[in-house]
Amino acid sequence: MTVDRRKFIKLAGVTAAGLATGAPARLLARETSAQGERSAPLLAKRWAMVIDLKKCLRAQGCVDCVNACHRTHNVPDFDNPKDEVKWVWKEPFEHAFHGEEHEYQREDVKHSLALLMCNHCDSPPCVKVCPTQATWKRESDGIVMMDWHRCIGCRYCVAACPYGSRSFNWRDPRPHISEVNEEFPTRTRGVVEKCTFCEERLARGEMPACVEACPERALTFGDLEDPESDVRAILTNAYSIRRKPELGTVPEVYYLV
Amino acid sequence: MYDAGRVIAGLLIFLAIVTSPLWYRLVSGAEGGPPQLPLVTTDTTCVAPTPYMRALHMELLNSWRDDVVRRGDRVHIGIDGTTYEKSLSRTCTHCHSNKAEFCDRCHDYAAVNPYCWDCHVEPREAQ
């Protein structure tokens, strides 16, 4: 698409005329939205999640959060575990917290399944290795974002992430999405995907889908830099652990066990 | 000239084939020119003036993409001050729900193959 000088001047003229007539009207009238009132976005300096595994365990075999997340974000369901794509998932405690487990542990913890997702690390190794900046850490609120337009499918990030939070689309995901959510894109073959802390929902003033879906209210989401926030209140009052903190990635998903 | 008859006949056939796109339309009576794109909405305003949208909607969509994904800026302000969500599937296709008629026909005519719909979900066609 090229714009020659004539076309550019024409467009500039139209735009200037539009601004000249539109600007005063805008100043006088209240801003109107074509889609009705929009709710204010949820903002934070540092989003973080606290997962209460005791509450999570109360609902045996519940995967409401996983289903809600995967339905919202058009995450495909492949039959072959080698092709698995996941944003939020459950894993045996000894896999999730390798080194924390021992033979004489509390029974419920020993046999528990921990809920896992992207840790939105303060120092994310996946971001450091991405050659196209298709994944990056948002300065404003600490979310480790993905730009699927830019992902070239090199899978460096999959190798770099110590938490297994990233999945690669080895096959075309579209035929494997049972119920497509039209308001969220799918991915294509050759693209990596992961949890984004529901940044598109936060922008609409909604809490992450998993937090809303949990029947036990085991997930708490909030601003870590706000001393008044729910997450801070929980973290100051209860003992919490994180996955593989020794690696220095500074994960921002906290667990109460 | 040797074999003048054959050479000239060959040249005529060659010319006929080369210029066929020019006279094919006259002979077959097929409609020419860019397709007329039907609007299926009662709304009278778009996010930008029609000539701009017709010429540069792809650049607008590209800048929307970067604004939303990389800068978290989701609000588009139209010329008259109306605000819109910068979203293909939550704004554009609310009015232009007839993708096959509105998008595809012109893209076919212009011989372009945008990959938007590889990921973004096309609107369910109105019955």
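Quick note: numbers below take in every heavy atom, side chains included, and nothing from hydrogens, waters or symmetry partners. Every chain is numbered from 1 and lettered A, B, ... according to where its sequence line falls, protein lines coming before strand lines.
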Rounded to the nearest 0.5 Å, what's the gap from CD on A/E183 to OG on B/S89? Could you check?
-> 7.0 Å

Side-chain contact, heavy-atom cut-off 4.5 Å: B/H120 with A/P185?
-> yes

Contact part of A/W136 toward chain B, heavy-atom cut-off under 4.5 Å: side chain, backbone, both or neither?
-> side chain

4.5 Å side-chain heavy-atom contact, A/Q133 and B/R70 = yes

Enumerate by number any residue of residues 115-130 of chain A whose heavy atoms lie under 4.5 Å from heavy atoms of chain B; in the absence of such residues, state 'none'.
-> none

Within 6.0 angstrom of B/R65 CZ, more than 12 heavy atoms from elsewhere = yes

Other residues, nucleotides, ligands: >12 heavy atoms within 6.0 Å of A/Y156 OH | no

Minimum side-chain heavy-atom gap B/N62-A/H149 below 4.5 Å | no

Shortest non-hydrogen contact from A/R174 to B/D118?
-> NH2-O, 3.7 Å

Among residues 107-116 of chain B, residues within the sub-4.5 Å heavy-atom range of chain A, in order of number, are none

Any Lys/Arg nitrogen of B/R74 or A/E199 sitting under 4.0 Å from an Asp/Glu carboxylate oxygen of the other?
-> yes

Considering only heavy atoms, which portion of A/N181 lies under 4.5 Å from any heavy atom of chain B: side chain, backbone, both, or neither?
-> backbone

Please indicate whether A/R189 has more than 12 foreign heavy atoms, meaning atoms of other residues, nucleotides or ligands, lying under 6.0 Å from its CZ.
-> no

Heavy-atom distances under 4.5 Å only: say whether B/R71 touches chain A with side chain, backbone, both or neither.
-> neither

Engaged part of A/E200 at the chain B interface, taking heavy atoms whose separation is under 4.5 Å = both

Residue A/R204 versus chain B: region with a heavy atom under 4.5 Å = side chain

